Number of protein chains: 2
Amino acid sequence: MVKRTSHQSADCLIARPLDAIGDWWSLLIVRDAFDGLRRFGEFQKSLGVAKNILSARLRNLVAHGILEIVPAPDGSAHHEYVLTEKGRGLFYVLVALRQWGETYFSGPGEPYTFMVDTRTGRPIRRLEVHAEDGRLLAPGETRLADFRQQPE
Amino acid sequence: MVKRTSHQSADCLIARPLDAIGDWWSLLIVRDAFDGLRRFGEFQKSLGVAKNILSARLRNLVAHGILEIVPAPDGSAHHEYVLTEKGRGLFYVLVALRQWGETYFSGPGEPYTFMVDTRTGRPIRRLEVHAEDGRLLAPGETRLADFRQQPE
DNA sequence: TCCATTCGGTTGCAACTTGAAACCGTTGCG
DNA sequence: CGCAACGGTTTCAAGTTGCAACCGAATGGA
């Protein structure tokens, strides 16, 4: 997608995930996959993206092990795209993005939706970052550490 | 950045944050801002991005209220870019991305870094999604609900 | 004081990417 | 069979990216 070979950031563990995802469309595809969408046509209708772009993004997501192609559920000759375990790991990224969106982008009067617990239908809690000892950490109360600095 | 006016997804609360951020570079800029970088040149050196691109991304982040320009700390005539409250809200997105990266992209033998509590130097906990009643929710155990379906 | 260098960009331009539309083989279906 | 829908690929114009050159203001040094 992007030529990341040239720009070796100190922190590849943000850049490489971003590179694997590919672009914004891909993340919206993953979101739709969480919503149960599986077929090329479903994604295309939901996102309104050009078919060649969708095709390329799906191929990239499969190549990076985020989606996988499963033969067919109903014996149809068409295949479907489903999230892998790795792909389901992006759940937390989507929750974080969505809560940020809820906080800063939900204008009044808009069709406001939010995430609820499927079982109870009640809203989920906000994400929190906790220290090992359980203390709540605010943005900025963390830093990056080399593994050698860590007691194991 | 991207013409999102035409593709009205059912769930704007993922798409609009993505649109506000702009692109991958922008998220790396925000990450660097969390690491304490503030100056144009610092971002440029850290990311290795072309100056016109960096310039455009910084302008966009400021326009969306994620960064703000502050005059100068040391009386210098140059200004600096710092995270706003809204920008600091992206912390959870970065933590989620990074934990996903740690899980699936840290090859053995690589310079492995991870997030630690600044106070204790110990690793932070993994993000979790909790229901209102505190139950731990796995990926897929949530759905989107319209506010009208919600008891208040 | 004067010159050189760094900082923080803008501009020009070639290469690449994106996206709308047309096309196309296969599948499902009456 | 015939025909529409599915799941793409191809084409091509328009837009974006990124390298490199440039540039003015601020800083530093002799």
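So you know, we letter chains A, B, ... as the sequences are listed, proteins then strands, and number each from 1. Since we're looking at a predicted model, the values are computed, not measured.
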From [options], pick the nucleotide closest to the side chain of [X]?
X: B:Asn52; options: C:dG9, D:dG18, C:dC7; value: D:dG18
X: A:Ala77; options: C:dA22, C:dG28, C:dT18; value: C:dG28
X: A:Ser76; options: D:dT9, C:dG8, C:dG28; value: C:dG28
X: B:His78; options: C:dT27, C:dT18, D:dT27; value: D:dT27
X: A:Ile53; options: D:dA20, D:dT17, C:dT18; value: C:dT18
X: A:Ala50; options: C:dG19, C:dT10, C:dA22; value: C:dG19
X: B:Trp25; options: C:dG9, D:dG18, D:dG7; value: D:dG18
X: B:Arg57; options: D:dT9, C:dG8, D:dT17; value: D:dT17

Problem set entry | Heavy-atom pair of closest approach, residues B:Gly101 and A:Pro17 | CA-CG, 3.5 Å
Problem set entry | Pairwise distance CG(B:Leu83) to CG(B:Leu90) - rounded to 0.5 angstrom |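 B:Leu83 atom CG to B:Leu90 atom CG measures 8.0 Å (nearest 0.5 Å).
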Problem set entry | Euclidean distance, A:Arg31 CZ relative to A:Leu37 CG, rounded to 0.5 Å | 9.0 Å
Exercise. Is a side-chain donor-acceptor pair under 3.5 Å present for B:Ser26 with B:Asp23?
Worked result: yes
Exercise. A:Tyr81 near the nucleic acid: base, sugar-phosphate alone, or nothing, with a heavy-atom cut-off under 4.0 Å?
Worked result: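 Sugar-phosphate contact only - A:Tyr81 comes under 4.0 Å of backbone atoms but never of a base.
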Problem set entry | Bend angle of the helix from C:dT1-D:dA30 to C:dG30-D:dC1, from helix axes over five pairs at each end, nearest 10° |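 Rounded value for the end-axis angle: 20°.
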Problem set entry | Criterion salt bridge (Lys or Arg N to Asp or Glu O under 4.0 Å) on B:Arg119 and B:Asp117, from CA distance to verdict | CA-CA 5 Å; B:Arg119 181 126 40 145; B:Asp117 177 1; 5.2 Å; no
For this session: Classify the ring geometry between A:Trp100 and A:Tyr104 as parallel (under 30°), tilted (30 to 60°) or perpendicular (over 60°).
Result: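 Ring orientation of A:Trp100 relative to A:Tyr104: tilted.
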